[in-house]
Protein chains: 2
Amino acid sequence: MAPTAETLTAERILEATEEVLRRHGPAKATVVDVARALGVSHGTVYRHFRTKAALREAVTKRWLDRTSEALAGIAAGDRAPEERLRAWFTGLFEAKRRKAGGDPELFATYSVLTGENGAAVGEHIDDLTAQLTRIVRAGTDSGAFTAADPAATARALFHATGRFHDPCYAGEWQQPGIEDEFTAVLDLLLRGLRA
Amino acid sequence: MAPTAETLTAERILEATEEVLRRHGPAKATVVDVARALGVSHGTVYRHFRTKAALREAVTKRWLDRTSEALAGIAAGDRAPEERLRAWFTGLFEAKRRKAGGDPELFATYSVLTGENGAAVGEHIDDLTAQLTRIVRAGTDSGAFTAADPAATARALFHATGRFHDPCYAGEWQQPGIEDEFTAVLDLLLRGLRA
DNA sequence: CAACTGACAGATTTCAATTTCTGTCAGTTG
DNA sequence: CAACTGACAGAAATTGAAATCTGTCAGTTG
């Protein structure tokens, strides 16, 4: 019972799927390609994932979870709430910008995948706003922020910064003035948040 | 020289183009269709618009300008700046929401057109942020707002409210909680803006 | 002579025939 | 007997030939 390279696990299939998506793009990546990459018949892939859509959704979730985990560290930190909020949004923007700019094709691929999987994206956003809510609540508890409903405020913050993390704006993330725009929006929001 | 129904003006061509777009959608609307609707040969349409792209751009500009004009009235009003700002954004959101919800196909058509005409959209956004800048400046002048750079602040306000006017979010404008989300974002921004 | 027509070349789109893919399952393998 | 294969039916994608469209321009019309 060798651990990784021998047995066919869901994890190995997801890795192969990611590789096939990277190579072929979202429109041409087939289950047959994934099976071929793994050296098995495509029927075998269907033992682990009921449909092609389920396989794509699982890949999408994995990708979204990686972003969540990176930010969870910042959200759980012990810095002052305002500083933490700023670091969190900066981290989110930087991560997105790096992914979109560094490998545009892969980013476009995942944009298609997230477009297909509204439910997974919804969960991811719930996850991120929950992190934000914790920071906002820390601020109201310490008296640094004023927010009657921390969860609603967290959602408002997330929506108001959409330009800097929503993939539909990815094309504008490489423009020159974008950093200043980001700072201007964040400053305005933080001013509104302070007690 | 009859005024409207006889002579072929650019205006009449634009009206016919709008009608053809409404009927056929952006993918199937052809210059030949427009010419047929006007009872002329398609060569004649090319006397008034050099290319099909130019014709589409002109239609797009007309549509965008209608929104600008409606809001210009609010921006130029004499109400208190905060109230005016709130009315302006509410007017923008309501107008978009009504268009998107009332005739989704036509809205989708114009979304395609705006996607094609980045330059025209850019001018439209410049126009809108100029209106916003005037309101913000009125606020800083009267002492109601604090904003070191009114133009930059206006842009920040526009970006932060993208969820409520950018067509890429049109699908979410009919969801139940959207009004509350809008109010939450606007409240937060106005709090940050107050002196 | 200004406004318009209609035929034309090259680019784009359509449509139907063909190929490939998805998802299933009876049968094979170790 | 659990994991896998591969043939199969229906769905979806691809391909290339035919139709349509874009943009031009010499010629027509009032």
Side-chain angles (χ1 to χ4, degrees), chain A residues 1-60 105 108-109 111-113 115-117 120, chain B residues 1-60 105 108-109 112-113 115-117 119-120:
Chain A
M1 296 166 189
T4 49
E6 299 282 276
T7 57
L8 185 62
T9 62
E11 182 62 24
R12 275 191 67 217
I13 295 176
L14 290 179
E15 268 164 33
T17 305
E18 229 172 27
E19 180 56 24
V20 168
L21 281 165
R22 194 189 307 271
R23 277 233 172 76
H24 296 57
K28 291 190 185 171
T30 71
V31 176
V32 172
D33 290 331
V34 174
R36 189 163 29 232
L38 289 163
V40 300
S41 97
H42 76 280
T44 302
V45 174
Y46 280 97
R47 310 202 108 260
H48 294 263
F49 296 94
R50 260 203 301 287
T51 64
K52 180 185 183 181
L55 176 58
R56 284 174 158 238
E57 186 185 4
V59 172
T60 307
E105 286 190 31
T109 292
S111 293
V112 172
L113 290 182
E116 284 171 8
N117 294 295
Chain B
M1 297 170 189
T4 49
E6 298 281 277
T7 58
L8 184 62
T9 61
E11 182 61 23
R12 274 192 69 217
I13 295 177
L14 290 179
E15 268 165 33
T17 306
E18 229 172 25
E19 180 56 23
V20 168
L21 281 165
R22 194 189 306 272
R23 278 234 169 77
H24 296 58
K28 292 189 185 173
T30 71
V31 176
V32 172
D33 290 330
V34 173
R36 188 162 32 231
L38 289 163
V40 300
S41 97
H42 75 279
T44 303
V45 174
Y46 280 97
R47 311 203 108 260
H48 294 263
F49 296 94
R50 259 202 303 288
T51 65
K52 181 185 183 183
L55 177 57
R56 285 174 158 241
E57 186 185 4
V59 172
T60 307
E105 286 190 31
T109 292
V112 172
L113 290 181
E116 285 171 7
N117 294 295

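What's counted below: heavy atoms across the whole structure, side chains too, no hydrogens, waters or symmetry copies. Order of the sequence lines fixes the chain letters, A, B, ..., with proteins taken first and strands second; residue numbering starts at 1 for each chain. Treat the numbers as computed from the prediction; the structure is a model and nothing was measured.
Whole-Å rounding puts the A:R47 CZ to C:dG27 P distance at 16 Å. Atom CZ of A:F49 and atom C1' of D:dA3 are 16 Å apart (whole Å). Put simply, CZ on B:R50 is 17 Å from C1' on D:dC25, counting in whole angstrom units. Note: CZ (A:R36) to C1' (C:dC21) measures 11 Å, nearest angstrom. If you take CG of A:D33 and C1' of C:dT22, they are 13 Å apart, rounded to a whole angstrom. Look at OH on A:Y46: it is 5 Å from C1' on C:dG23, rounded to the nearest Å. Look at NE2 on B:H48: it is 16 Å from P on D:dG23, rounded to the nearest Å. Taking atom CG of A:L8 as the reference point, atom C1' of D:dT5 lies 13 Å away to the nearest angstrom.
Residue contacts shown for B:T44 include a base, since a base heavy atom lies under 4.0 Å away. As judged by a 4.0 angstrom heavy-atom cut-off over every strand, A:V32 is placed among the base-contacting residues. Residue contacts shown for B:S41 include a base, since a base heavy atom lies under 4.0 Å away.
The partner of D:dT28 is C:dA3, by the rule that a Watson-Crick or G-U pair needs both atom distances under 3.5 Å. Checking C:dG23 for Watson-Crick or G-U wobble geometry (two distances, each under 3.5 Å) identifies D:dC8 as its partner. Under the Watson-Crick or G-U wobble criterion, with both distances below 3.5 Å, D:dT15 is paired with C:dA16.
Distance from the side chain of A:K52 is smallest to C:dG23 among D:dT22, C:dG23, C:dC4. For A:K28, whose side chain is taken as the heavy atoms from C-beta onward, the closest listed nucleotide among C:dG23, D:dT22, D:dT14 is D:dT14. For B:T30, counting side-chain heavy atoms from C-beta on, the closest listed nucleotide (D:dG23, D:dT22, C:dC4) is D:dT22. Proximity note for B:V40 (side chain, C-beta onward) versus C:dT22, C:dT5, D:dT22: the nearest is C:dT5.
Atoms NE2 and NZ, from B:H42 and B:K52 in turn, are 12.0 Å apart once rounded to the nearest 0.5 Å. Residue B:L21 holds its CG atom at 12.0 Å from CZ of B:R23, rounded to the nearest 0.5 Å. Atom CG in B:L55 sits 12.5 Å away from atom CZ in B:R50 (nearest 0.5 Å).
Minimum interatomic distance between A:D33 and A:R36 (heavy atoms only, all atoms of both residues): OD1-NH2, 2.8 Å.
The base of C:dG23 sits within donor-acceptor range of the side chain of A:H42, with an N or O pair under 3.5 Å.
Remark: B:T109 engages no residue in a side-chain hydrogen bond (donor to acceptor under 3.5 Å, both in side chains) (not counting sequence neighbours).
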